[in-house]
Number of protein chains: 2
Amino acid sequence: MTQRQRRKPGETRDKLMEAALTLVGKGRHFASLGIREVTRQAGVVPTSFYRHFRNMDDLGLQLVDQLGLVLRRMMREARGNVLQADKLIEESVTIFISHVEANRSFFFFMAQGLAGESRAVQDAIRSEMRFFASELANDLRRMRLAEHLSDGDLELTCDLVVRTVAFTLTDLLNVAPDDDYQIDQIRQRTARFLQLIFVGAAHWNSRTQAGNS
Amino acid sequence: MTQRQRRKPGETRDKLMEAALTLVGKGRHFASLGIREVTRQAGVVPTSFYRHFRNMDDLGLQLVDQLGLVLRRMMREARGNVLQADKLIEESVTIFISHVEANRSFFFFMAQGLAGESRAVQDAIRSEMRFFASELANDLRRMRLAEHLSDGDLELTCDLVVRTVAFTLTDLLNVAPDDDYQIDQIRQRTARFLQLIFVGAAHWNSRTQAGNS
DNA sequence: ACAATATGTGAACGACTGTACACATTGATG
DNA sequence: CATCAATGTGTACAGTCGTTCACATATTGT
C-alpha cells in the first residue's frame, strides 16, 4: 500500500452489490435478478461482473457478510442505549426498526433470503440469526435478567425473540417507508409480542416442560 | 353438466399449477420461475399458459387459494384430533408438521411468498394467516382456555403463535424430507416455543402492558 | 345438426440472457 | 523502465424468454 489508487479497489464490486440491493429495495426478489440486470443498474458492462463474483449466489453470500456488519452495528447501538431494564424491550424494538428504515434494502434481502433459492445464503442468514440470539442471551445474563433460567431455556427464549423480530420484517416490508402511523403500530405490536415472551420466560420454571402430567 | 368430458376442464390448468409447485419443491424460488419453464415442466406448449393465467402472478394467486384449502383441511383435522387440553400443543404441532411433510411444496411456496416479489401474493398469504389466527382464537375461547384474556390480548397471542409456527417453515425447509431426527427436533422446539408463549399468556394480566412505570 | 365457445398446438418475432474471448487500461513490483 | 496481475470494455454467439397469431380440435348451447 504505497499510494492511494485513483480507482479504489472493489469500487465496481461495491457498485454491483449496491445495485442488487437497490433492485431488491424496489420490490424485486433477489432470486429473479440476473447478471445483466445488476450490471445495467450499476452502470457497468456485463463482463465486469465476473471480475468480482462467480455468479449471483456468490454476490448474495457477500451481501450476507455485509448484512452481518449492519447487524453488529445495530447490536452495538442497542447495547449502548439500552441501559435501564424497564424500557429495554421498547427501546430495543425502536432501535431495530430505525435500523430497518435506514437499511431497508438490506433487511428486505434478509427476509427474502430466509426462504430464498440459494441454500448457502439461507444458511448464512440463519447463522447470523443464531449469533444474534446467543449475543442476546449473553447480554441478558450480564444484566442479571435471566438468573432463574437454565442455559438451554434462555437460549430457547432468545431464539424465539429473534424469530419474532425477524418475522416483523415481513410486516415492515408491506408498508410504505414513510407511513409512520403503520410503522408505529408494528413497533407497538412487536414490543407486546416480546413482552408476552418475556412474561412466559419469567414464569417458565414454575411449569417446566419436562413433565406435564 | 350433461356428460363427463373426456378432457376434464382445468386439466391443463392443474398441470400448470402442479408444475410450478414441483419446481418450487425442487428448491427453485417462485419469483424466478418463467412461463416457458413451467409449461415445459407441465408437458404443455407455452401458449397454453395464457388460456388459464394472465401471468405468473396470477398463477401464484390461484396457488394461494389452493393453499387456503390445505390450511382449512389441516384446521379441521386439528379440531377433530385435539380434544384433551393437556396435549393440545404437542398434538397441534405434530399435525402441522405432518401436513407440511405431506404438502411440502405448498408450504415452501407459502414461506417464499411471505417475502416474495408479488405484493398481491404476499397480501393473500398474510390474509390466510390472519384468518388462521382468528380461528385459533375462536377455538381457544370455545375450549375455555383463555377466559382471563381480553379479545385484544387473545388475538395478540394467537397472532404470535401463528407467526412462530409459520417461521418453523424455514427450519423445515432446510432439512431433508426424510431426516426424521431433525424434524423431530424441530417439532419439540416448536412445541416449547408455543408453551413459552402460552405461559406468558397465562400470566399476562398480572403485568398488563397498559402502564409500565 | 349447427354454431359458438373453450381449449390446445405450432411457428415465428424481437428482446434479453449468461458467458467467452480478445483487448485496453491501470497500479504495483522488479 | 519493463513487467505483471488486476480490473474494465467491446464484441459476439447460442440459447431462452414472453408474447402474438393463425389454426386445429373438442365441448357446450340451441
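All heavy atoms count here, side chains included; hydrogens, waters and symmetry mates do not. We name chains A, B, ... by the order of the sequence lines, and we start the count at 1 in each one.
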Task: Under 4.0 angstrom between His52(A) side-chain N/O and dG8(D) OP1 or OP2 - done: yes
Task: d(NZ, Lys15(B); C1', dT9(C)) in whole Å - done: 13 Å
TODO: Would you mind reading off the distance between Asp57(A) atom CG and dG18(C) atom P, rounded to a whole angstrom?
DONE: 13 Å
TODO: Say whether His29(B) and Gln112(A), considering side chains only, have a donor N or O and an acceptor N or O under 3.5 Å apart.
DONE: no
TODO: Quickly work out the Phe49(A) CZ to dG18(C) P distance and round it to whole Å.
DONE: 9 Å
Task: Salt bridge present between Asp159(A) and Arg189(B) (N-O < 4.0 angstrom) - done: yes
Open item on the list: Donor-acceptor pair, distance only, cut-off 3.5 Å: does the side chain of Asp58(A) make one with the backbone of Arg54(A)?
Closed with: yes
Open item on the list: Please check: side-chain N/O of Ser127(A) versus main-chain N/O of Asp123(A), any donor-acceptor pairing under 3.5 Å?
Closed with: no
Task: Rounded distance (Å) that lies between atom P of dT7(C) and atom CZ of Arg13(B) - done: 8 Å
Task: Letter per nucleotide, 5' to 3', of nucleotides 15-20 of chain D [B base touched, S only sugar-phosphate touched, - untouched; heavy atoms, 4.0 Å] - done: --BBBB
Task: Salt-bridge criterion met for Asp57(B) and Arg119(B) (N-O under 4.0 Å) - done: no
- [ ] For the pair Glu135(A) and Arg76(A), find out whether any cationic side-chain nitrogen is under 4.0 Å from an anionic carboxylate oxygen.
- [x] no
